[in-house]
Each structure stands twice: as C-alpha cells, then as structure tokens.
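Structure, as structure tokens:
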Amino acid sequence: MQVAGLIAEFLFKRGVDRVFSLCGGHILPIWDHLRRLGIRIIDVRDERAAVHMAHAHRELTGSPGVAMVTAGPGMTNSLTGIANAHVCRVPLLIISGVPPRPQQYMPALQSVPHVDIVRPVTRYARTVWRAEHVLRELDEAMACAEGHFQEPGPAFIDFPTDLLREEVPEAFIENVRFKPRGPLVFPPLQADVEAAVNALWGSRRPLIIAGRGARGAGEQIIRLLNALDCVYLDTAESRGLVPEDHPSLMPAMRARAMNEADVVMTVGRSLDFQLGYGSAAVFPNALFIRTGTTPLQLRDSRRADIEVAGSAAEVLTALCEAALEMNPATNHTWVEFMRVEDRERREKLARSMSAVPPGRDGYMHPYRLLSCLKENLNSDAVVVADGGDLLSFARVAMSGTAYLDCGPFGCLGVGVPYGIAAALAFPGRQVAVVSGDGSFGFNAIELDSCRRHGAKVIFVVANNSAWNIERNDQIENYGARIFGTELEGCDYAALARSLGVCGERVVNPDELPDAIQRGLENAPALLDVMVTRDAFSPDFLSGLAGIPEKQALSKWDKLESERLKRTND
Ligand SMILES: Cc1ncc(C[n+]2csc(CCOP(=O)(O)OP(=O)(O)O)c2C)c(N)n1
Ligand SMILES: [Mg+2]
C-alpha cells in the first residue's frame with residue numbers, strides 16, 4: 001500500500017464519509033485513494049470554503065470534519081477557516097501536501113512554511129516525513145482535534161508528495177491506530193462537589209450558564225435545572241442542549257439575570273466577551289462556580305470561588321446525587337418573575353417583528369423578512385446566518401431553530417459554505433441561509449459548488465446595498481462621513497442565475513411568502529431581498545460595532561471602567 005492509500009484507509013476506518021477539498025498536484029495521490037474507497041469529495045472553488053464546510057458538517061452531525069487543501073496558496077487560503085474553527089473550538093482535520101523531500105529547503109513550487117503559519121491557530125500542526133510515522137501522527141492529530149486533555153480545535157497535518165507515493169512496508173501498519181479512543185471522562189473530587197452543592201443549594205438566585213464543554217450532557221443539565229428551579233442561559237455553542245420551552249431558559253433576561261444572580265455556575269464555558277469576561281461589573285452579586293476539563297473552561301478571565309474539575313455529565317450527576325436529600329433555598333418568586341417577564345418580552349418581540357414598518361427608503365425592515373422566513377420553514381429546518389446588522393437581527397428572530405452563524409470569530413462569509421454542508425448532511429431537511437449582501441459576496445462563487453453537488457439550499461440575501469453595521473457606525477460616531485461602506489448596484493439574483501441557481505429579486509414584502517415557497521421548491525435558489533438601511537440592530541445599539549476599550553458592549557464597558565476607577569481610588 002502507498003502512504004496516500006494508508007491515509008485514505010485511516011479516514012475511512014474513522015468514519016469519514018466526505019472530504020471537502022480543492023484539487024492540486026500535491027494532494028492528488030490522496031484524492032485518488034479517497035475515490036477508490038468511496039469517500040465522497042466535495043470539491044469547491046476556494047479552500048476557505050472547504051474548511052468552513054467541514055466545520056459546519058462537524059457541528060451539525062458530530063461526525064469528523066475533514067478538509068484537504070493543496071500546498072502553498074491552497075493552504076494559505078484555508079487559514080481563515082482554520083482560525084475560525086480554532087476560535088469556535090471545533091474539531092477538524094486539515095490535510096495538506098508539501099513539496100517532495102528531495103526539494104526540501106530549495107525554492108520549490110508552492111512552498112511556504114505551512115506548519116509555522118498555522119501553529120498558533122491549531123491544536124496540532126506537523127509535517128510527516130517518514131512512512132512509519134503516518135498512522136501514529138494521524139492518530140495523535142485526531143486526538144488533539146477532539147480535545148483529549150485540551151480544548152478541541154483544528155489539527156493540521158501535511159505530507160511531502162513523494163512520501164504519499166511511497167510504499168508502506170506491512171510492518172509499519174499498526175492496525176490498532178485505526179480505532180479511535182472514546183472520549184475521556186474525568187470524575188470530580190468529592191470535596192469540590194460538596195462545596196458546589198452547598199453554594200448552589202444555599203443560593204437564593206442561582207444562574208447556570210452552559211458552554212461547549214457541556215455538549216452531550218443536556219439530560220444532566222435539565223436534571224440540575226429542575227432540582228434547583230433556577231435561571232439558565234446558553235450561547236450559540238450550547239444551543240439546543242435545553243429545549244426552548246424549558247421553564248429555566250430565559251434568553252430575554254440575560255443582562256438582568258447576570259446582574260442579580262447570587263451564585264453563577266458555568267458548565268464547560270469560557271468567560272469570553274459574550275459573558276462580560278465574568279467581570280464583577282457585569283455580575284456584581286455573584287459567587288462563581290466553574291466546572292470543566294480545561295484551563296479555558298476553569299480559569300480564563302475570572303478565577304472561580306469554587307472550582308469543580310471534571311467532565312460535564314459526571315460533575316452534574318455528582319451534584320444532583322450529593323443533593324438528593326436537600327431542599328434548595330431558591331427564591332421561587334424571583335425565578336417566577338424572571339420567567340413571566342422573559343415570556344412577555346419574547347412574545348412581544350415575536351408580535352412586533354412581523355409588523356415593523358419599512359424604513360425611510362421604503363424598503364422592508366430585516367425583522368419583517370426574517371419573521372416571514374421563519375413562518376415558512378419547518379420546525380426542523382437548519383438556519384445559517386451571516387452578516388453584520390443582519391446577523392444580530394437573525395440571532396433574535398431565528399431562535400428555536402437549528403442554527404449556525406459567524407460565531408465568536410465574527411467570521412463573515414461562512415453563510416454560503418455552512419449552508420451547503422448542512423444541505424449535503426441533511427438532504428431531507430430545509431436549509432436556509434440568511435446573509436447580509438456584503439457577507440454573501442465572500443463565498444458567492446460557491447453557488448457553483450452548491451449546484452454541482454445538488455445541495456438544496458435557499459439563500460436569502462438581505463440586500464441593503466451596504467456593509468450597514470459599519471455604515472451605521474460612521475453615521476453615529478464619525479460625523480456621518482460615509483465612505484467605503486456602501487455596495488450599490490449588485491444584482492445577486494442575476495449572479496445566482498449565471499451559476500445555474502434560480503434567482504429572483506423581491507422588493508415588496510407581500511410577495512415574500514410566495515417567493516420563499518418557490519425558492520424552497522426549486523432549491524438551490526436565491527432571493528435577493530431589498531431591505532432598509534434605516535435599521536439599527538441590537539448589536540449596534542449595544543455598542544458591539546464600536547469596539548469599546550475594556551468590554552465588548554458599551555454598557556458593560558462603562559460599568560467596568562467605573563469599577564476599575566473605584567478599585568484604584
Ligand atoms: C471577514 C470580515 N471582514 C470584515 C469584518 C467587519 N465587519 C463586521 S460586520 C460588517 C458588515 C457586514 O455587512 P453585511 O453582510 O452586508 O450585513 P449588514 O450589516 O449590512 O446587515 C463588516 C464589514 C468582519 N467581521 N469579517
Ligand atoms: Mg448589508
């Protein structure tokens with residue numbers, strides 16, 4: 001067997017059924033063996049899109065996300081996708097090729113230092129130089145990507161092309177490497193569990209916040225929420241662990257819950273900008289319990305008062321078991337008040353969205369578009385959102401659906417590739433991509449990949465002819481000096497048609513429901529929907545676009561600045 005064949009064999013035995021890729025001489029030996037084993041190649045038009053697709057595939061299906069990119073510019077094109085998966089902590093395997101060994105350190109074609117370039121945004125980055133190392137390195141790369149003993153994330157591995165063509169002696173094929181090891185389980189220490197139980201069951205206003213590290217422990221979280229009758233918040237990385245209608249889930253009470261909670265427990269969650277870095281200005285009344293398996297989940301931003309190291313399911317079960325005989329001190333009146341207020345806010349928002357008036361330019365409000373789209377989708381539809389203002393509107397309007405978006409890397413351009421991967425993963429489900437016009441442009445050419453691979457996606461471009469969240473920033477904070485933020489005169493429907501995808505422009509909101517139905521029936525299809533620029537999104541209003549000094553949102557920034565001033569005085 002050749003090394004290239006062994007790599008394909010490894011992927012096959014690890015359950016990889018598709019590889020997202022763009023061809024190139026340095027990787028064609030592997031490509032050919034993938035075909036031989038029946039592993040599907042989803043060939044795309046830019047390597048960045050290949051990595052985004054592998055990312056969405058992994059996030060939506062839980063099965064391996066693998067992208068393969070050629071040497072040099074193929075690898076550098078993939079860098080944004082790799083960095084995005086690094087920030088989102090998504091396990092991916094990125095395979096590449098390097099010039100043949102006899103040309104090492106010579107000015108070879110497509111030669112750049114891959115491993116040096118990707119090292120800071122990967123969990124593993126190595127070149128394999130010898131046939132006897134191939135399986136061992138692939139095994140280690142996968143373990144690093146999956147986050148065994150560290151955060152999950154992308155692993156990057158590359159091979160000199162001459163090595164790919166080399167025969168592997170039988171003795172080098174260590175069969176045990178084909179088998180994955182199961183996820184690691186860390187039972188917590190009893191003393192830590194007792195300390196956490198005493199704090200949680202003694203709390204009047206308990207708040208639980210879950211993150212990526214809590215995935216797979218939905219049942220155990222729900223058991224804890226029911227036992228405590230507390231408030232629960234999630235963010236995109238843990239969405240869906242607790243169902244929308246669970247009495248503890250109160251997304252509309254986020255800021256208030258953070259402000260009033262007296263005990264906060266994070267489960268597998270980094271205290272990132274979305275949680276005000278856990279600052280005492282944002283959580284002024286809280287004792288902090290942090291649980292998780294990595295330094296990021298246990299130690300970043302704010303030191304916990306009580307730390308319970310362990311995997312989510314084990315920790316949560318241990319907490320509930322230890323508290324079996326205890327009654328929580330929860331102030332049920334507070335929780336009930338929060339619950340009622342949350343439901344009222346959410347219902348009011350849902351009612352108001354479909355009736356928001358058009359802007360001064362006469363075009364519909366993005367909420368009008370999004371609420372109409374939501375009404376026309378099945379409950380199991382996958383929704384992908386991409387954009388500036390549009391992303392912020394979508395996060396609010398599209399709650400309750402299987403959902404992916406630009407995430408904490410703020411990575412514009414993910415919408416088209418994420419949507420294609422979703423539709424290829426779930427051919428029986430509706431997949432809708434809602435994108436700002438600016439964001440759509442990055443990977444618009446992938447409409448070609450979409451059609452070639454028969455991915456049934458409806459792309460909805462919210463066209464305000466601008467990078468509008470930035471344009472709004474210029475209006476508010478830069479004396480209305482608008483320049484370099486407008487995108488006039490693009491016909492995205494015509495662009496879609498030129499690539500063999502149905503495309504139509506919608507201006508009148510009354511025509512939207514029929515256009516959406518047509519788009520769903522004829523998918524892949526694109527609707528170029530004119531929306532008003534005259535709309536400020538929640539993210540814009542909360543100051544996210546303005547990039548405050550210390551905290552991500554201007555309200556939190558002000559609180560943090562005041563707190564630091566008091567501390568210094
Ligand atoms: C790759 C990348 N480039 C630039 C930015 C900065 N940025 C954030 S939002 C935004 C505007 C997005 O415009 P559009 O997709 O049309 O959405 P709109 O705000 O108009 O709804 C820009 C340029 C970014 N986050 N990512
Ligand atoms: Mg726009």
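Quick note: residue numbers are just sequence positions, from 1. When a ligand or atom number is given, it counts from 1 through the structure's own listing order.
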Pair E470, T485: side-chain N/O donor-acceptor within cut-off below 3.5 Å: no

Nearest-contact summary for atom 15 (O) of ligand 1 - protein heavy atom, Å: S439 OG, 2.6 Å

Polar side chain donor-acceptor pair, S392 to R395, under 3.5 angstrom: no

Polar side-chain atom of R18 near backbone of L424 as donor-acceptor pair, under 3.5 Å: yes

Side-chain (R290) to main-chain (Q297) donor-acceptor, under 3.5 angstrom: yes

Ligand-side contact atoms (ligand 1) for residue partner D389, heavy atom cut-off under 4.0 Å: 18 (P), 19 (O), 21 (O)

Check: Q551 main-chain N/O paired with D557 side-chain donor or acceptor under 3.5 Å: yes

Atoms in ligand 1 with a heavy atom of L390 nearer than 4.0 Å: 21 (O)

F409 ring center near H86 ring center (under 6.0 Å): no

Vertex the Mg ion (ligand 2), arms to A466 O and N464 OD1, rounded to 10°: 90°

Residue and atom name of the nearest protein heavy atom (relative to atom 17 (O) of ligand 1), distance in Å to one decimal: G388 N, 3.1 Å

Shortest protein contact, atom 9 (S) of ligand 1 (heavy atom only): I469 CG2, 3.4 Å

Contact (N/O only, under 3.5 Å) between G410 and ligand 1: yes

Distance-only polar pair, side chains of S96 and D158, donor-acceptor under 3.5 Å: no

Numbered atoms of ligand 1 (with element) below 4.0 Å of G436, judged on heavy atoms: 14 (P), 15 (O), 16 (O), 17 (O)

F442, any N or O under 3.5 Å of ligand 1 N or O: no

Residue and atom name of the nearest protein heavy atom (relative to atom 5 (C) of ligand 1), distance in Å to one decimal: L412 CD1, 3.7 Å

Residue portion contacting ligand 1 (non-hydrogen atoms closer than 4.0 Å) for A545: neither

Atom nearest to the Mg ion (ligand 2) - D437, N, O or S atoms considered: OD1

Under 4.0 Å to a heavy atom of D437 - the qualifying atoms of ligand 1, by number: 16 (O)

N/O separation below 3.5 Å, N464 to ligand 1: yes

Modelled atom types, side-chain donor and acceptor of R89 and S270, under 3.5 Å: no

The single option from Y367, F540, F536 passing ring pair (Phe, Tyr, Trp, His ring centres under 6.0 Å) against F393: Y367

Any W467 side-chain heavy atom under 4.5 Å of L412 side chain: yes

Residue F273 excluded, over 12 heavy atoms near CZ under 6.0 Å: yes

Part of E470 with heavy atoms under 4.0 Å of ligand 1, whether side chain, backbone, both or neither: side chain

Any N/O pair D386/ligand 1 closer than 3.5 Å: no

Close approach of G413 to ligand 1, heavy atoms, under 4.0 angstrom: no

Atom 23 (C) of ligand 1 - nearest protein heavy atom and its distance: W467 CE3, 3.5 Å

